[in-house]
Protein chains: 2
Amino acid sequence: MPPVTIQEVARHAGVSAATVSNFFNWPDRLSTGMAERVRSAVDELGFVPNMPARQLRTSRSGMIGLSVINASNPFFAEMVVAVEHAATEKNLSVMVGSTHESPQQQRQYLRMFEQFRFDGIILTPFDDNLQQAHEIAARGTPVVLVDRTDDEGLLPSVGTDHEAGGYLAARHLIEQGCRRLWFVSGPRQVQQMVRRLRGYQKAVDEAGNVSLEVLEFPDLDVGFGREAGRQIADRDPQDRPDGVFGGNDLQAIGIVAELVDAGVDVPGEVAVIGYDDIVFAATTARPLTSIRQPSREIGAAAAEMLFERLLSPSTPAQQQLFQPELQVRASTRR
Amino acid sequence: MPPVTIQEVARHAGVSAATVSNFFNWPDRLSTGMAERVRSAVDELGFVPNMPARQLRTSRSGMIGLSVINASNPFFAEMVVAVEHAATEKNLSVMVGSTHESPQQQRQYLRMFEQFRFDGIILTPFDDNLQQAHEIAARGTPVVLVDRTDDEGLLPSVGTDHEAGGYLAARHLIEQGCRRLWFVSGPRQVQQMVRRLRGYQKAVDEAGNVSLEVLEFPDLDVGFGREAGRQIADRDPQDRPDGVFGGNDLQAIGIVAELVDAGVDVPGEVAVIGYDDIVFAATTARPLTSIRQPSREIGAAAAEMLFERLLSPSTPAQQQLFQPELQVRASTRR
DNA sequence: GTGTGCTTGTGAATCGTTTTGTCCGGAGGT
DNA sequence: ACCTCCGGACAAAACGATTCACAAGCACAC
C-alpha cells in the first residue's frame with residue numbers, strides 16, 4: 001500500500017485537495033456536511049499528514065532544538081523538562097541533544113537544528129567558540145544561550161552567576177575553618193568551570209592564609225568524582241585538603257562516596273561542597289552541601305526568551321542572570 | 001536577506017542546480033574544477049541545505065524517535081546514550097521524548113514521529129495499549145518495543161524479565177529474615193510495576209509465612225519515595241514492614257533517605273531494595289541493594305533491532321530478554 | 001432579469017530538493 | 001574521415017502539502 005496523501009483523501013471524499021487542507025488548517029471554512037465527509041475519508045484511509053511537505057511550504061517546523069552538555073545530569077534533565085513544558089503550551093516540540101563535552105557533537109547538533117529549519121535553538125555552550133551560534137542567528141534562526149553570556153551581546157542569554165557561586169563555596173569552606181582548599185574540575189574548556197574557579201580563587205586570595213590546588217578531570221561525572229576521592233584518601237592525612245569543591249554535584253557525590261568508603265571523616269577531616277543542588281545531593285552518605293542553581297526557572301526563562309524572539313526577531317538581546325544560593329548540609333557542617 | 005537555496009548557489013557558481021545537488025550527494029560525479037567552483041559558492045553564500053525539502057523528495061529523514069517514560073531517570077538516560085551512540089554510527093539522529101507516565105504525551109510523541117516521517121521508532125510503553133504502535137507499524141514505520149513484549153507478536157522487543165527481577169528481590173529479602181514485606185509501587189498502569197509485583201508475590205506465596213502489602217504512588221520519583229519512607233517511619237515499630245521493595249531506585253533512594261533521617265535503622269529494622277541499579281544507588285546513606293538491568297545493552301540491542309528492520313522490514317519480530325541481576329549492598333545486608 | 005454580497009469550494013502555482021533522461025563534445029578505434 | 005562511447009553537465013519532472021485568486025451557488029433586493 002503506497003503512503004496515502006492528501007490527494008487520495010480528496011478523491012476518496014469527492015472533494016479537492018485544497019478542501020482537505022482547509023479541513024485541517026481552517027476548519028471554520030468548511031460547511032458541516034463537507035467536514036464530515038472529509039473526516040470519514042481521513043479515518044477510513046488512515047491519513048497521516050506529511051510534515052516535511054507542510055514544512056517546505058510553510059517554512060515553519062513547530063520544533064525547537066535544545067543542546068545541553070549532559071542530559072543525564074539531573075540539573076540539565078530538570079531544565080529540559082521545564083523547556084518542554086513551556087514549549088508544549090505554545091504547541092511546539094523540543095528536540096534535545098547531549099553534547100557530552102564534545103565540540104564536534106555540539107557542532108553536529110546545531111547544524112542539524114538549522115538544516116531541519118527548527119523555529120529556534122536553545123544552546124548550553126561549553127566552550128568559548130560562539131562563532132557557529134552567531135552565524136546561525138545571523139542566517140535567521142533565533143538562538144538563546146544558557147549558562148553563558150555572549151560577550152558580543154548579540155545573543156540573548158540566561159544563566160546563573162558562576163563566579164558568585166564559586167565565591168560562595170570558598171567563603172563557606174573558609175568559614176568552616178578549612179585552610180587547604182581543592183577545586184576538582186571538569187575540562188578546562190568548559191567555561192562554567194573557569195568562572196566558578198575564578199570566584200573560588202577570589203575568596204581564597206581575600207582570605208590570605210588559604211592555599212588552593214586544582215585537579216582537572218576529563219568529565220564531570222560520578223566516576224571521576226570517585227577517582228578524585230581516591231586520590232585524596234590515598235594521601236597522607238597531613239597532605240590532604242581539608243575542603244574540596246567539586247565541579248558539580250555528580251563529582252562531589254563521587255568524592256563523598258569514595259571518602260566515606262575509605263573511612264575518611266566527612267566533614268571532620270575533609271569538607272565537601274558541590275554545585276547544582278540536584279535531588280541526589282540530599283540523599284548521599286553525608287548529605288551534600290551545594291550551590292543551588294534554579295534549573296527549572298532557568299529553563300522556563302530561556303524558553304520565554306526564545307518565544308519572544310520568535311515573535312519579534314529584532315528586539316535587542318536581553319541577558320538574565322540568576323543568583324546562586326548556598327544550601328548547607330552535613331558534608332561541610334562541622 | 002532571503003534564505004539561500006540550491007538555485008542561488010548554482011547561479012552564483014554558474015552551474016545548474018543539479019550539479020550543486022550532485023556536489024553534496026554524488027561528489028565523484030563532478031570534475032575537480034567544477035567541485036571547487038561549487039564549494040566556494042557554497043561557502044561564500046553560507047548555504048544550508050533545506051532538510052524538509054530533501055526529505056520530501058527522498059522520503060528518508062535520517063531520524064529515529066525514542067519515547068521513554070522519564071529521561072531524567074538515570075536508567076533511561078543511560079539507555080538513551082546507548083541508542084544515540086549506535087545511531088550516530090549509522091548516520092542517524094535521535095529525538096527523545098519523555099512521556100512522564102502520561103498516555104496523551106505518549107500518543108503525542110508517536111504521532112509526531114510518524115508525521116515527521118522518522119525512519120523508525122523505539123518505544124518504551126508504560127500501559128497496555130499498543131494499538132497506536134501497531135497502526136504505525138502497519139503504515140510502514142518500523143517500531144521496536146523496549147521493556148515490554150508485544151503479546152500479539154507483531155512488534156520486536158527487547159527488555160528484562162521483570163517478573164524474575166521481582167522474584168529475586170523478594171527471595172533476597174526473605175533470605176535476610178524479612179517476614180513483613182511491602183511493595184512501594186508506581187502507577188498501576190505501568191506494566192513494569194505489575195510484572196515486578198507478580199514475581200515478588202510469587203516468592204512471597206512460596207515462602208508461606210510472609211505477609212505482603214502494596215502501596216501505590218502516582219509517580220516513580222525520589223519525592224514519592226520520601227513520602228513512602230515517612231509513612232513507614234510514622235508507624236509504630238511493630239506495624240512497620242521489615243523489608244521494602246521500591247518500584248525503582250528513585251523511590252527506594254527516597255525511602256532510605258527518609259528512614260535514615262527519621263532515625264530508623266536500615267537495614268536492621270527495615271531492609272530496602274530497589275530496581276535498576278542506577279549510579280546513585282551506590283552513593284546513598286545506606287548503599288542500596290538493587291536489581292540491576294543492563295541499561296546500555298538494552299539500548300544498544302533495541303537500536304540494532306531497529307536497524308535490521310530498516311533494512312528488511314518484513315523479517316519476523318524477534319524478542320530479546322535480558323536477565324536481571326541482584327546487586328547486594330548495605331541496605332539489606334544484616 | 002440583473003446586480004450585489006456572502007459563503008464554500010476549486011485550480012494552479014509554489015516551496016527547495018533529488019533524479020531521470022538527454023545532450024554535448026572529445027577520445028579512441030578502425 | 002566516420003562511428004561509437006563515455007564522462008560530465010543540464011533541463012525538467014516529481015515529492016506532498018498550502019494558499020491565492022477566482023468561480024459557483026445562493027439569497028435577497030431593486
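Naming convention: chains lettered A, B, ... in sequence-line order (proteins, then strands); numbering from 1 in each chain.
- Atom pair B:Glu114:CD and D:dG16:C1' shows a separation of 15 Å (rounding to whole Å applied).
- Counting to the nearest Å, the P atom of D:dA17 and the CD atom of B:Gln115 are 11 Å from each other.
- Atom CD1 in A:Ile6 sits about 13 Å away from atom C1' in C:dT10, given to the nearest Å.
- No side-chain donor from either of B:Gln104 and B:Gln108 sits under 3.5 Å from a side-chain acceptor of the other.
- Between the CD atom of B:Glu36 and the P atom of D:dA9 there is a distance of 13 Å, rounded to whole Å.
- The side chain of B:Ser16 sits closest to D:dA11 out of D:dA11, D:dG16, C:dT18.
- Side-chain atoms of B:Arg54 and B:Asn25 form a donor-acceptor pair, as typed in the model, at a separation below 3.5 Å.
- Here D:dC6 presents its P atom at 20 Å from CG of B:Leu30, a figure rounded to the nearest Å.
- When the side-chain nitrogen and oxygen atoms of A:Thr58 are compared with OP1 and OP2 of D:dT18, none of them lie within a distance under 4.0 Å.
- Phosphate proximity of D:dG8 to B:Arg29: absent, as no side-chain N or O sits under 4.0 Å from OP1 or OP2.
- Phosphate proximity of D:dA9 to B:Ser31: present, with a side-chain N or O under 4.0 Å from OP1 or OP2.
- At whole-Å resolution of the value, CZ in B:Arg117 and P in D:dG16 are 9 Å apart.
- Under 4.0 angstrom from either OP1 or OP2 of C:dT14 there lies no side-chain N or O belonging to A:Arg57.
- Checked against D:dC10, D:dA17, D:dT19, the side chain of A:Asn22 finds its nearest nucleotide in D:dT19.
- The separation between A:Arg54 atom CZ and D:dT19 atom C1' is 13 Å, rounded to whole Å.
- The distance between atom CD of A:Glu8 and atom P of D:dC15, rounded to the nearest whole Å, is 11 Å.
- At the heavy-atom level, B:Gln7 lies under 4.0 Å from base atoms of the strands shown.
- Side-chain atoms of B:Val15 lie closest to D:dC10 of the nucleotides D:dC10, C:dT10, D:dA17.
- Nearest to the side chain of B:Ala18, among C:dT17, D:dC10, D:dT19, sits D:dC10.
- Salt bridge absent: A:Glu114 and A:Arg111 never bring a charged side-chain N and a carboxylate O closer than 4.0 Å.
- For the residue pair B:Asp147/B:Gln192, the side-chain donor-acceptor check at 3.5 Å is satisfied.
- Side-chain nitrogen and oxygen atoms of A:Thr5 include none within less than 4.0 Å of the OP1 or OP2 phosphate oxygen of D:dG16.
- Within the structure, a side-chain polar atom (N or O) of B:Asn25 is placed less than 4.0 Å from OP1 or OP2 of C:dT18.
- At a threshold of 4.0 angstrom between heavy atoms, the contacts of A:Phe23 with the nucleic acid are absent.
- Here the nucleotide nearest the side chain of B:Ser21, chosen from D:dA9, C:dG9, C:dT19, is C:dT19.
- Contacts of B:Met34 with the nucleic acid, taken as non-hydrogen atoms under 4.0 Å apart, involve only primed sugar atoms and P, OP1 or OP2.
- Under a 4.0 Å N-O distance rule, the pair B:Arg148/B:Asp127 does not qualify as a salt bridge.
- Listed pair A:Trp26 / D:dT19 meets the phosphate criterion, a side-chain N or O lying under 4.0 Å from OP1 or OP2.
- In this structure, B:Tyr109 has its ring center at least 6.0 angstrom away from the ring center of B:Phe118.
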